[in-house]
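Proteins come first, then strands; the chains are lettered A, B, ... in the order of their sequence lines, and each starts at number 1.
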2 protein chains.
Amino acid sequence: MPAVAQTRTRLLQVASIRLAERGYHGTSLAAVAEDVGVSKQALLHYFGSKALLYCAVLDQLGQDLLQMLFSAMQDGQPAEQQLDSFFAALTARAVQDPWLPSLLLRVLIEERAAGSGDAAEPLPLQDFLEPLIAVIQATERFKASSFAQALATALQLLGGACLFPAAQAGLAHRFGPEVVDQLCDISPVQIQALLAARL
Amino acid sequence: MPAVAQTRTRLLQVASIRLAERGYHGTSLAAVAEDVGVSKQALLHYFGSKALLYCAVLDQLGQDLLQMLFSAMQDGQPAEQQLDSFFAALTARAVQDPWLPSLLLRVLIEERAAGSGDAAEPLPLQDFLEPLIAVIQATERFKASSFAQALATALQLLGGACLFPAAQAGLAHRFGPEVVDQLCDISPVQIQALLAARL
DNA sequence: GCCTCAACTTACCATTTGGTAAGTATCGGG
DNA sequence: CCCGATACTTACCAAATGGTAAGTTGAGGC
């Protein structure tokens, strides 16, 4: 099935997962390459260096999130419902792709990971965060609020929504898989409750 | 001032900060030791290995959090107010010690980091998480709810409360230091609003 | 004075890591 | 049929890392 040049895509996927699970420094190029079934140098062939691979992964993550946000912004619905749709989509995906919220939280926590030294490098996820804040500022509740307040709310929502799926694997280890199964069912309604309460 | 054996304490502090900022794999023993001003082997002298150092750091973190929780549980106040006090103390400390929420989130995300292979190793932070969930289950709102629902709420609250302080440094880089200053002021009331809305 | 023990230090080592150099195989175009 | 580009591979390397071995220093007990 994977005709050609699928290798790059698979490398990106595997790299995303490993970077989410073990972080930048905990992920070795050799491990990623081995998972995909190619040599380490194949990886370097596609993405010049580890830092650039990391940038590519974050780029992909930003695009994924942005697309989810845009999909939720389609029609002329009120901003509250747009946020509802977005976080519903986010949690739905997060349950089956736990690496996504893990990576998101990680990036937000680890400010600078792979800076090329250049000051003008585009911040990863910035293209996603700014529209998200804009939507929050478009709600009735935050119409008159400051940018900082909208940002605080965005972080609160993201943190509240992403921590469970990101911690999913560890929680199964702590409290048992059956509790996690229950949590997967509870999570979406819990997020809706959070949004309803905060907006 | 540091008479003797303060070295161990300082090593633990510096290790906590570096582990929070850069994660387990991103933190080298040599770097921690150098920050304190001793040799790498002094570190190994006190904590047998890197994995044991990590365990010691997590132990300390768990104790810190547990103490904050117990302090908030003093008198016969209602559970709602106990949670209020705890999260107020947490955010107050988190603003000046951003490494604490960073480390907390990191540990929750990275399930297994330094397992001795033994299956019966005590889970880090478990002694803190369980009482916290118990307090949530003691509230009117969650009195009749399942354990899983209380756990979901605990994670939502922790995520919502910890993401901003943990991301503080990166946010200053993204949106400028003045926005972060505003956020530091906003954060506590935002957390109170979150608690009031969810309990 | 001497023994012991904690609290370190300098040397050293095996492994892993990111990265370079150079070679090979395949394929489409001219 | 050759040319170049793409998509890799094997070999190799310098640096960093966690960890071991052995030595040094100073204080307290006998």
Side-chain angles (χ1 to χ4, degrees), chain A residues 1-60 106 110 112-118 121 124, chain B residues 1-59 106 110 112-118 121:
Chain A
M1 192 79 74
V4 284
Q6 300 284 4
T7 303
R8 206 192 112 106
T9 305
R10 287 175 57 205
L11 283 169
L12 208 64
Q13 289 174 345
V14 171
S16 297
I17 295 173
R18 289 197 89 102
L19 284 168
E21 283 176 347
R22 312 160 101 101
Y24 183 79
H25 298 283
T27 301
S28 76
L29 301 182
V32 173
E34 193 184 11
D35 262 21
V36 175
V38 296
S39 71
K40 178 182 59 169
Q41 278 59 25
L43 214 176
L44 283 158
H45 168 69
Y46 284 108
F47 312 87
S49 75
K50 187 180 184 179
L52 290 176
L53 168 65
Y54 185 66
C55 288
V57 166
L58 293 195
D59 239 54
Q60 183 65 44
R106 236 185 246 275
E110 302 177 16
R112 76 253 167 276
S116 50
D118 198 322
E121 46 177 330
Chain B
M1 192 79 75
V4 284
Q6 299 285 4
T7 303
R8 206 191 112 106
T9 305
R10 286 176 58 205
L11 282 168
L12 208 63
Q13 289 173 344
V14 171
S16 296
I17 295 173
R18 288 197 91 102
L19 284 168
E21 284 176 346
R22 313 160 101 100
Y24 182 79
H25 298 283
T27 301
S28 75
L29 300 182
V32 173
E34 193 184 11
D35 263 21
V36 175
V38 296
S39 70
K40 179 181 59 170
Q41 278 61 24
L43 213 175
L44 283 158
H45 169 70
Y46 284 109
F47 314 85
S49 75
K50 188 180 184 179
L52 290 175
L53 168 65
Y54 185 65
C55 287
V57 166
L58 293 195
D59 238 55
R106 234 184 246 275
E110 302 178 15
R112 77 248 168 275
S116 49
D118 198 325
E121 47 178 329

Below 4.0 Å: OP1/OP2 of [N] and any side-chain N or O of [X]:
X      : N      : value
S39(A) : dC8(D) : no
Y46(B) : dC8(C) : yes
T7(B)  : dA7(C) : no

Pairs in or reaching into residues 35-46 of chain A: which pass salt bridge (charged side-chain N to carboxylate O under 4.0 Å, His left out), with residues at least two apart or in two chains?
-> R18(A)-D35(A)
Only counting residues at least two apart or in another chain, list the ones meeting side-chain contact (heavy atoms from CB on, under 4.5 Å) with Q13(B).
-> T9(B), R10(B)
[X] [atom1] to [N] [atom2], straight-line distance once rounded to whole Å:
X      : N       : atom1 : atom2 : result
R8(A)  : dT6(D)  : CZ    : C1'   : 14 Å
L43(A) : dT17(C) : CG    : P     : 13 Å
H45(B) : dC5(C)  : NE2   : P     : 14 Å
R18(A) : dT17(C) : CZ    : C1'   : 14 Å

Determine, stepwise, if the pair L58(A) / C55(A) fulfils side-chain contact (heavy atoms from CB on, under 4.5 Å).
-> CA-CA 5 Å; L58(A) 293 195; C55(A) 288; 5.8 Å; no
Answer yes or no: is there an ion pair linking R106(A) with E110(B), defined by an N-O contact shorter than 4.0 Å?
-> yes
With sequence neighbours left out, the residues meeting side chain to side chain donor-acceptor pair (under 3.5 Å) with Q60(A) are D64(A)
Taken to the nearest 0.5 Å, the spacing of L11(A) CG from L43(A) CG works out to 4.5 Å
Under 3.5 Å, N/O pairs linking protein and nucleotides 13-23 of chain D:
| unit_1 | atom_1 | unit_2 | atom_2 | d |
| --- | --- | --- | --- | --- |
| dG18(D) | OP1 | T27(B) | O | 3.3 |
| dG18(D) | OP1 | K50(B) | NZ | 2.7 |
| dG18(D) | OP2 | L29(B) | N | 3.1 |
| dG18(D) | N7 | K40(B) | NZ | 3.0 |
| dG19(D) | OP2 | K50(B) | N | 2.9 |
| dG19(D) | N7 | K40(B) | NZ | 3.4 |
| dG19(D) | O6 | K40(B) | NZ | 2.9 |
| dG19(D) | O6 | Q41(B) | NE2 | 3.4 |
| dT20(D) | O4 | Q41(B) | NE2 | 2.9 |

